[in-house]
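Input: a single structure, listed below in structure tokens.
Within every chain, numbering begins at 1; the chains are lettered A, B, ... in the order of the sequence lines, protein sequences first and strands thereafter. The structure displayed is predicted, hence computed values, not measured ones. Because only heavy atoms are used, hydrogens play no part in the values below, and waters and symmetry mates are left out as well, while side chains stay in.
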Amino acid sequence: TLAGRPVWRKRFLTYRINSYTPDMKPADVDYAIQKAFQVWSDVTPLKFRKIHSGEADIMIGFASGAHGDFNPFDGRGGIIAHAFGPGPGIGGDTHFDEAETWTANYRGTNLFLVAVHELGHSLGLGHSSDPKAIMFPTYSYVDPNTFRLSSDDVRGIQSLYGGPERRQPPSHPDSTESATCNPILSLDAATTVGNKIIFFKDRYFGWRNPESPKSNISLISSFWPNLPSGIQAAYEIGDRNQVFFFKDDKYWVISNLRPQRLYPKNVRSLGFPNFVEKIDAAVFNPLLYKTYFFVGSQYWRYDERRQLMDPGYPKFITKAFPGIGPKIDAVYYNNRHYYFFQGSVVSEYDVLSHRVTKRLKHDIKLGC
Amino acid sequence: VPLTNSTGSEENDVLFAERYLETFYGFVMDGVPVTKMKVSPNLMKNKLQEMQQFLGLKVTGRLDASTLDMMHMPRCGVPDVHEFR
């Protein structure tokens with residue numbers, strides 16, 4: 001933390017980008033800065049709002065040489081950015097040296113990574129001597145898609161502001177009107193991860209043990225900042241410790257809970273034809289070592305050993321899975337059964353006898 | 001690998017290191033009885049050690065290659081060990 005431990009005394013902070021670099025599209029600058037704020041808001045109770053005029057708590061801009069704060073930039077290389085600790089006026093403000101070449105990728109200087117660092121100062125963090133920390137004073141590139149704060153960064157910021165707010169339980173837990181405890185009428189996606197069942201809805205994911213109705217909810221971005229909201233399908237290959245996530249025509253892989261480089265990839269790389277624009281649901285069958293992909297009323301089967309789509313697909317779901325379909329929202333595999341979600345109904349399906357063995361209303365809720 | 005280290009580049013390195021230590025480690029040139037290029041060796045050594053320790057380098061107190069490399073890396077302009085202005 002900075003000398004004197006300055007902090008913001010409020011949780012809702014505003015920011016404004018008052019100048020842009022010509023190196024990047026303004027929309028890319030906006031996105032990098034927004035994602036950098038999100039890195040910190042995910043681990044604290046702080047919330048950030050962008051404003052477009054007037055004085056924000058955190059004013060952000062690009063400047064060259066002397067720029068009016070008695071800390072002139074030094075041209076290309078050397079000092080690439082600086083920020084002021086929490087406080088009124090210039091406090092919290094963040095400046096990027098225009099002499100650098102700012103990018104959204106690995107070339108030049110990655111704006112997102114530097115912004116995460118500088119906004120750490122804006123919130124009251126000093127430099128870390130841990131080279132793994134984003135608050136280490138020298139720049140080094142890491143893949144923004146797999147970037148995570150180090151434990152030193154998290155300990156530092158949480159020593160100033162505490163952890164993220166937990167969603168408050170509703171005052172009337174039985175009330176269906178409560179906005180914080182609504183049953184989910186339809187899931188986006190579901191999968192196992194280790195011994196947990198994970199399900200996705202909008203910006204949230206929940207997890208629970210197969211035997212327990214009790215579930216926990218968290219923001220997708222707080223655990224996997226590289227994943228988008230609205231995950232549409234997911235599946236796990238347990239013995240590889242890999243989980244696949246799908247949204248639209250892209251997919252991501254996490255391995256041992258860590259995002260993997262070189263993702264997202266296009267689903268065409270799995271062998272889907274061009275007309276497939278999104279995957280509704282997916283499930284891995286460890287007995288066959290094959291993955292079923294459900295798209296509309298049809299499904300494909302992918303051989304995970306050969307890394308090829310099986311020939312003869314797509315087929316109709318209703319023909320191959322009696323009692324299931326025609327469309328499904330989500331599915332996961334557990335203990336020789338598939339669990340298909342269609343609306344508020346979950347069907348337990350025996351993979352050996354190929355029949356539905358149980359059908360009931362699921363009771364997954366958000367914010368409980 | 002540089003073919004030779006000319007005296008000129010060594011001078012530049014020392015000047016660069018002085019500026020770096022002034023900016024980030026509160027190394028104060030004012031009041032040090034120096035002629036340029038003859039900084040009080042102990043003060044400079046202490047500040048180099050401080051910097052090397054903070055950045056996880058081998059603490060030698062000398063302006064060695066790894067220390068210079070670190071000084072030349074792109075970095076944030078907030079002093080590491082300094083009263084925040």
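If you measure heavy-atom distances from A:Glu100 to chain B, you find no contacts under 4.5 Å at all. Both the backbone and the side chain of A:Pro137 come within contact range of chain B, judged by heavy atoms closer than 4.5 Å. Looking at A:Phe136, the atoms closer than 4.5 Å to chain B (heavy atoms on both sides) all sit in the side chain, from C-beta outward.
Among A:Ser140, A:Gly87, A:Gly126, A:Gly78, the residue with the largest count of heavy-atom pairs under 4.5 Å with chain B is A:Gly78.
Between the side chains of A:Ser128 and A:Asp152, at least one donor N or O sits under 3.5 Å from an acceptor N or O. For the 3.5 Å distance criterion, the side chains of A:Ser255 and A:Gln242 fail to qualify, holding no donor opposite an acceptor. Between the side chains of A:His121 and A:His127, at least one donor N or O sits under 3.5 Å from an acceptor N or O.
Panel note: side chain B:Arg75, backbone A:Tyr139; no donor-acceptor pair is recorded below 3.5 Å.
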